[in-house]
Amino acid sequence: QVQLVESGGGLVQAGGSLRLSCAASGRTFSNSVMGWFRQSPGMEREFVSAISRSGDRTNYSDSVKGRFTISRDNTKNTVYLQMNSLKPEDTAVYYCARKVSWIDYSIASKYGYWGQGTQVTVSS
């Protein structure tokens, strides 16, 4: 069974940075596409970023492109989301998720495993 545990969230002022981590259990991490999503109260879960199994492909939503960077360390079974130049509208619960193939990487329903989420709050 795959378990995903996010960490690194918190309260930061606008313009600041945070680095989220997602640690995965199990031996299938290197065969997994990993994604980051976020959800604000009353809103749909929103795609943020995804990274391929080897890390050679990444993709970002337009709202975070140029500010966020996704990366992974398959030796540590961990995926990261470096968030710079944070804005109040980035405030949300951030979730990491796992799927097998790169197809439909931006669609939340295509991911089979999810972490419990970590809160990110950006004050103005």
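Grouping Ile, Leu, Val, Met, Phe, Trp and Tyr residues whose side-chain heavy atoms lie under 4.5 Å apart, directly or via other members, places M34 in a hydrophobic cluster with V2, L4, V12, L18, L20, F29, W36, V48, I51, Y60, V64, F68, I70, V79, L81, M83, L86, Y94, Y113, V120, V122. Side-chain contacts under 4.5 Å among hydrophobic residues (ILVMFWY), followed directly or transitively, place Y80 with no other residue at all.
The closest donor-acceptor contact from the side chain of Y111 to the backbone of S106 lies at 3.5 Å or more, if one exists at all. Here the side chain of Q13 pairs no donor or acceptor atom with the backbone of S124 at under 3.5 angstrom. No donor-acceptor pair closer than 3.5 Å links the side chain of K87 to the backbone N or O of T91.
Take R67 and apply the salt bridge (charged side-chain N to carboxylate O under 4.0 Å, His left out) test, not counting sequence neighbours, and it matches D90. With sequence neighbours excluded, no residue forms a salt bridge (charged side-chain N to carboxylate O under 4.0 Å, His left out) with E89. For the side chain to side chain donor-acceptor pair (under 3.5 Å) test, residues two or more places apart in sequence or in another chain that qualify with S61 are S63. R45 is linked by a side-chain contact (heavy atoms from CB on, under 4.5 Å) to F37, Q39, Y95, W114, counting only residues two or more places apart in sequence or in another chain. Legend: residues meeting side-chain contact (heavy atoms from CB on, under 4.5 Å) with N31, ordered by chain and number and at least two apart, are absent. Shown here are the side chain to side chain donor-acceptor pair (under 3.5 Å) partners of S54, two or more places apart in sequence or in another chain: D56. Residues satisfying the side chain to side chain donor-acceptor pair (under 3.5 Å) test with D73, not counting sequence neighbours, are T75. By the side chain to side chain donor-acceptor pair (under 3.5 Å) test, Q3 pairs with no residue at all, sequence neighbours left out. Every residue two or more places apart in sequence or in another chain that forms a side-chain contact (heavy atoms from CB on, under 4.5 Å) with S40 is listed here: M43, A92.
Of the N and O atoms on the side chains of N59 and R57, not one donor lies less than 3.5 Å from an acceptor on the other residue.
Sequence neighbours left out, the pairs with a member in residues 5-115 that pass disulfide bond (SG atoms under 2.5 Å apart) are C22-C96.
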